[in-house]
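What follows is a set of notes on a single structure, which appears directly below.
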Amino acid sequence: SGSSSDLITYGGSRNAAHVGVIGVASSPTTPWAVVGQALATARLSLDEHPCRPFTGLELVILPPASGDEFTMAERQALTAAGIATAYTEGGVVRMDRLPMTYKTDANGDPDDSWRDVQSSATMGRTLRQMVSDHRSTFSRAVLVDDDTPVGAAARNVVWPRLIAGRAVTTYRNLQALGWLEGADEFAALVAATRDPSDAGRVNIYAPIDVANPYWIGAIDAVLLLNY
């Protein structure tokens, strides 16, 4: 808790892809209760669909006193600094956005890939699904190079190209759920190769393009007296 300027300074000093900070605007509810409500509400939303925004979800906490709420401009500045905010509507406190404090990559260059918790959630669930599908498909398989011919009697033989193909199938299934996009591009870029130092290992390059929460609609409105 604190003033918006204090919170902006604090958020600006941090840079973590998996750490979020919730800014509290003088709510009578204790900060730990606010955090508990926000995390529980976010978790339910992410379980339903990992890409959906949180905006408008109700938090069962007491609203700040009238005039103590963060203004729209303050909330936007806080979000840019990696601070999560909420707003009051008709006496009900609602979530805004839950950004991470991550802003720059290891080279110090601007990077918004992990800006929102939805990116982490979608990536995590995608990888878990890929691992699950991989294990169920290739359990106790025998690995050979892509150019290795095998006879009809061969059982459970797998080539790296089949492993890449299974990843594409999983990707398309998750795109059908609205979690990912760019399945055709993924199919063209994914690669599975045997590790040069471990003959039983396959390294999979999987460039995953997660779907994005729809946060902002920008309208270019022009006044006309007639067309």
Side-chain angles (χ1 to χ4, degrees), residues 15-20 38-55 57 84 95 97-102 105-106 111-215:
N15 189 51
H18 306 294
V19 176
L39 294 183
T41 302
R43 174 61 186 271
L44 289 173
S45 177
L46 293 172
D47 284 348
E48 177 194 7
H49 194 299
C51 304
R52 295 191 68 186
F54 304 135
T55 306
L57 294 178
M95 290 187 71
R97 190 167 176 171
L98 187 55
M100 300 296 98
T101 59
Y102 183 77
D105 61 19
D111 182 6
D112 63 357
S113 56
W114 300 103
R115 174 181 175 82
D116 292 296
V117 69
Q118 283 86 350
S119 298
S120 296
T122 307
M123 193 69 164
R125 292 183 68 176
T126 295
L127 293 178
R128 288 193 294 273
Q129 189 62 56
M130 283 189 168
V131 169
S132 176
D133 291 350
H134 182 277
R135 287 175 174 169
S136 64
T137 303
F138 302 116
S139 175
R140 303 187 65 235
V142 176
L143 177 65
V144 297
D145 286 337
D146 279 333
D147 57 357
T148 302
V150 298
R155 293 292 181 269
N156 292 334
V157 175
V158 62
W159 298 265
R161 68 175 182 271
L162 292 183
I163 294 173
R166 187 64 184 90
V168 171
T169 299
T170 300
Y171 196 103
R172 292 191 186 282
N173 290 339
L174 297 181
Q175 178 173 278
L177 295 176
W179 293 12
L180 309 176
E181 57 185 343
D184 291 340
E185 290 80 1
F186 177 84
L189 294 172
V190 66
T193 56
R194 294 185 79 173
D195 190 279
S197 60
D198 186 345
R201 169 175 170 154
V202 172
N203 299 320
I204 305 169
Y205 171 68
I208 296 169
D209 185 358
V210 301
N212 303 292
Y214 177 34
W215 295 116

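The structure presented is a predicted model; accordingly, all values stated were derived computationally and were not measured.
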Side chain to side chain, Asp209 and Leu180, heavy atoms closer than 4.5 Å: no
Trp159 and Val150: CA distance, side-chain angles, deciding distance, side-chain contact (heavy atoms from CB on, under 4.5 Å) verdict: CA-CA 11 Å; Trp159 298 265; Val150 298; 3.6 Å; yes
Check: Thr170/Asp133 side-chain N/O donor and acceptor closer than 3.5 Å: yes
Close side-chain approach of Leu39 to Arg43, heavy-atom, < 4.5 Å: no
Distance-minimising heavy-atom pair for Leu143 and Pro160: CD1-CD, 4.2 Å
Gly178 versus Cys51, closest heavy-atom pair with distance: O-SG, 4.0 Å
Approximate separation, where rounding is to 0.5 Å, of Ile208 CD1 and Ser119 OG: 12.0 Å
Pairwise distance OG(Ser120) to CZ(Arg115) - rounded to 0.5 angstrom: 13.5 Å
Heavy-atom check, side chain of Met95 versus side chain of Thr55, under 4.5 Å: no
Side-chain heavy-atom pair Arg172, Asp184 within 4.5 angstrom cut-off: yes
Any donor-acceptor pair under 3.5 Å from Ser132 side chain to Arg128 backbone: no
Thr122 side chain vs Val210 backbone, donor-acceptor pair below 3.5 Å: no
Beyond-backbone contact of Thr126 with Trp179, side-chain heavy atoms, under 4.5 angstrom: yes
Met100 vs Val19, side-chain contact (heavy atoms from CB on, under 4.5 Å): CA-CA, chis, key distance, verdict: CA-CA 6 Å; Met100 300 296 98; Val19 176; 5.6 Å; no
Within-4.5 Å side-chain heavy-atom neighbours: Thr193 and Val202: no
Min side-chain heavy-atom separation Leu98-Asp116 under 4.5 Å: no
Closest approach of Pro99 to Arg97 (non-hydrogen atoms, all atoms of both residues): CD-O, 3.2 Å
Thr101 to Ala16 - nearest heavy-atom pair and separation: OG1-N, 3.0 Å
Arg201 (side chain) donor-acceptor with Asp195 (main chain) under 3.5 angstrom: no
Any donor-acceptor pair under 3.5 Å from His49 side chain to Leu177 backbone: yes
Rounded distance (nearest 0.5 Å) linking atom CG of Asp111 with atom OH of Tyr102: 3.5 Å
Phe186 and Tyr171 aromatic ring geometry - parallel, tilted or perpendicular at 30°/60° bounds: parallel
Side-chain donor or acceptor of Arg125 paired with backbone N/O of Leu46 under 3.5 Å: yes
Between Thr137 and Arg166: side-chain donor-acceptor atoms closer than 3.5 Å: yes
NZ/NE/NH1/NH2 to OD/OE distance under 4.0 Å, Asp147 and Arg161: no
Atom pair OG/CD of Ser45 and Gln118 - distance to nearest 0.5 Å: 7.0 Å
Minimum heavy-atom distance between Val158 and Ala141, given as atom pair plus value: CG1-CB, 3.8 Å
Within-4.5 Å side-chain heavy-atom neighbours: Thr41 and Phe54: no
